[in-house]
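Heads up: the structure comes next, in structure tokens.
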Amino acid sequence: MNILLVYPKHPQTFWSFKYALRFISKKASFPPLGLLTIAAQLPAAWNKKLVDLNVKSLRDRDLQWADYVFLSGISIQRASVLKVIERCRQAGVKIVAGGPLFTSAPGDFQGIDHLVLNEAEITLPRFVQDLEAGCPQPVYATSEWADLTSSPPPEWNLISKRHYAAMSIQYSRGCPFNCDFCDITVLYGCRSRTKSRAQVLEELDRLYQRGWRGPVFFVDDNFIGNTQKLKHSILPAISEWMERHRHPFTFLTQTSINLADDDELLPLLVKAGFNMVFIGIESPNEASLAECSKTQNKNRDLLAAVQKCQQAGLQVQAGFIVGFDNDPASIFDSTIAFIQQSGIVTAMVGLLNAMKGTRLHAKLEKEQRLVQTSSGDNTNYSLNFKPRMNRDALLAGYRKIVTHIYAPANYYARIIRFLKEYRSPARRHYHFEFVTLAAFFKSIVRLGIIGKERLQYWKLLLWSLFRKPRHFPLAVTLAIYGFHFRKIFEKI
């Protein structure tokens, strides 16, 4: 059996980092971890190839070789998914589709031969068994949650690591919080299910043996969903592994804001090699947080929580949303003020959109306020519902935020504010974070000579050299990020 796994193309978006990746000669930020894990669950006797459309094109001979195309993706990849489906139909090759996009909207796509939905640890073996017996069904679905201790390590031999800026690991699924706009609990439940200590260490071993040295993204939607297991098993084990291997990796992940409440967990994360976390701040407005059931963010000093994480040695990236029914007219100015005061350099501000399956989607559907399917890109000025605020005022306010926070003077001021607070541990790893020497020289030309931000760029570099020399590579990295963000918002 010849199986072609196809990962759709990501459009140029905030999180694609396409413009930044050019500085380090990489084609994509992360590999398609889901499909690599699917490949590991298929029979060993089957022949497998993977085509990541973010790093190479899909050729006719790839489709001619395949007995089946396995296709996965997320909502933002919908346009690419439709193109792949059409290519497969023209080539006469059967399609097996699964993953978040198809699980959330299985009826949206024509021409799929077999849907393998929900978690593949449960549904994929059933499909494989029927396929080998010659009686595969059109749809495989389940209401059960998978035991992650049965999930195999990804089949890394199917990709070339040189194309990617970072590698990925999944430790857990599920989130103990249930925000109205988020589909994570719909897809993976409210209980944090985890892999074992041995599984995590085996995946680190495999990445190390494959020659990877650099960033590793724990892709969990909330890495700290089970804090006790992290503190007493996983993080101490990672720390010991990192020490034994002379710190070949740095780690980044996603957490909730209550990370700042745990004085034991914060230093353990940093000791294990974590240096970056993404946190959903969403809004500085308490009424908006209450509206979307963001209970973990309510009744707390959000600025102090961010500063505590950064002073502990974790760079905080954060998400913000405007468009809630309870947003006042002042929300745009207050969001700008929060971002600038917090020193959150990578601030993803998006417009509220209702994803299928979420409580927000059900609410807006009941109120007859939905107007279209969400594109999955909440930074492209699109809305899929009728907001309470005047639509033109909302879009103008949103544009005001992103224009302000990514204007060179404001963006570079935020870098300096962050670096003043950041208390990273002594450098224990060999590489220059995201920036190589070649990337540094490219940044000099593109940002320091050609770019309209050249004055701020040179001020940052000189300030960092004299005030924070240990963080000089990080300063250059963040300057490169800013170039990407400005290019994205200039295109829209």
Side-chain angles (χ1 to χ4, degrees), residues 1-11 32-43 46-54 56-144 146 155 158 183 186-188 355-358 361 372-377 384:
M1 187 79 69
N2 294 334
I3 304 298
L4 180 67
L5 301 108
V6 178
Y7 191 60
K9 191 173 182 63
H10 279 279
L33 184 65
L35 282 177
L36 293 171
T37 306
I38 291 295
Q41 295 178 56
L42 297 176
W46 289 9
N47 301 311
K48 289 162 271 189
K49 293 181 182 179
L50 187 145
V51 173
D52 179 355
L53 296 181
N54 298 284
K56 60 182 177 181
S57 60
L58 179 61
R59 303 168 299 181
D60 289 341
R61 65 173 176 266
D62 294 324
L63 295 172
Q64 292 165 2
W65 171 87
D67 295 311
Y68 285 87
V69 165
F70 277 49
L71 179 62
S72 184
I74 58 177
S75 57
I76 204 169
Q77 296 170 302
R78 181 182 290 264
S80 180
V81 162
L82 293 173
K83 291 179 181 178
V84 172
I85 292 172
E86 180 59 25
R87 287 281 306 277
C88 291
R89 303 322 300 164
Q90 290 177 355
V93 60
K94 292 184 177 180
I95 304 170
V96 181
L101 175 60
F102 297 98
T103 297
S104 297
D108 284 4
F109 301 93
Q110 303 298 315
I112 304 296
D113 297 280
H114 307 284
L115 287 166
V116 181
L117 307 176
N118 307 107
E119 294 186 292
E121 288 84 358
I122 296 173
T123 54
L124 185 60
R126 298 172 185 172
F127 168 73
V128 169
Q129 182 179 8
D130 287 351
L131 182 61
E132 291 188 317
C135 56
Q137 303 301 306
V139 180
Y140 293 81
T142 181
S143 60
E144 303 172 62
E155 204 158 302
L158 293 179
D183 63 353
V186 178
L187 292 168
Y188 305 118
M355 305 289 288
K356 284 191 175 181
T358 63
H361 191 277
Q372 61 188 28
T373 300
S374 172
S375 69
D377 183 0
N384 74 327

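The first residue in the sequence is number 1, and the count goes up from there. All values reported here derive from a predicted model rather than from experimental measurement.
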Say whether, by atom type as modelled, one donor and one acceptor occur between the side chain of [X] and the main chain of [Y] under 3.5 angstrom.
{"X": "Glu119", "Y": "Ala146", "result": "yes"}
{"X": "Asn384", "Y": "Gln372", "result": "yes"}
{"X": "Asp183", "Y": "Thr358", "result": "no"}
{"X": "Ser80", "Y": "Pro8", "result": "no"}
{"X": "Arg78", "Y": "Gly376", "result": "no"}

Nearest heavy-atom neighbours spanning [X] and [Y]:
{"X": "Ser57", "Y": "Val51", "value": "O-CG1, 3.8 Å"}
{"X": "His10", "Y": "Ile74", "value": "CE1-CD1, 3.9 Å"}
{"X": "Ile85", "Y": "Gln110", "value": "CG2-O, 3.5 Å"}
{"X": "Val6", "Y": "Leu58", "value": "CG2-CD1, 4.3 Å"}
{"X": "Pro100", "Y": "Tyr188", "value": "CG-OH, 3.8 Å"}
{"X": "Trp46", "Y": "Val128", "value": "CH2-CG1, 4.0 Å"}

4.5 Å side-chain heavy-atom contact, Pro32 and Leu50: yes
Would you say that Pro11 contacts Asp377 through its side chain, given a criterion of any heavy-atom pair below 4.5 Å between the two side chains? no
Stepwise side chain to side chain contact (heavy atoms under 4.5 Å, CB included) check, Leu53 with Val84: CA-CA 10 Å; Leu53 296 181; Val84 172; 3.6 Å; yes
Which value, rounded to the nearest 0.5 Å, describes the distance between [X] atom [atom1] and [Y] atom [atom2]?
{"X": "Ile112", "Y": "Leu71", "atom1": "CD1", "atom2": "CG", "result": "6.0 Å"}
{"X": "Thr103", "Y": "Leu115", "atom1": "OG1", "atom2": "CG", "result": "8.5 Å"}
{"X": "Ile3", "Y": "Asp67", "atom1": "CD1", "atom2": "CG", "result": "6.5 Å"}
{"X": "Phe127", "Y": "Leu42", "atom1": "CZ", "atom2": "CG", "result": "9.0 Å"}
{"X": "Met1", "Y": "Lys48", "atom1": "CE", "atom2": "NZ", "result": "12.0 Å"}
{"X": "Met355", "Y": "Ser104", "atom1": "CE", "atom2": "OG", "result": "6.5 Å"}

Hey, mind stepping through Phe109 and Ile95 against side chain to side chain contact (heavy atoms under 4.5 Å, CB included) and telling me if it holds? CA-CA 11 Å; Phe109 301 93; Ile95 304 170; over 6 Å; no
Could you walk me through whether Tyr68 and Asp113 pass the side chain to side chain contact (heavy atoms under 4.5 Å, CB included) check? CA-CA 10 Å; Tyr68 285 87; Asp113 297 280; 5.8 Å; no
As a quick check of understanding, evaluate side chain to side chain contact (heavy atoms under 4.5 Å, CB included) for Lys83 and Arg87, giving each step before the final call. CA-CA 6 Å; Lys83 291 179 181 178; Arg87 287 281 306 277; 5.6 Å; no
What side-chain hydrogen bond (donor to acceptor under 3.5 Å, both in side chains) pairs are there with at least one residue in residues 128-137, not counting sequence neighbours? Asp130-Tyr140
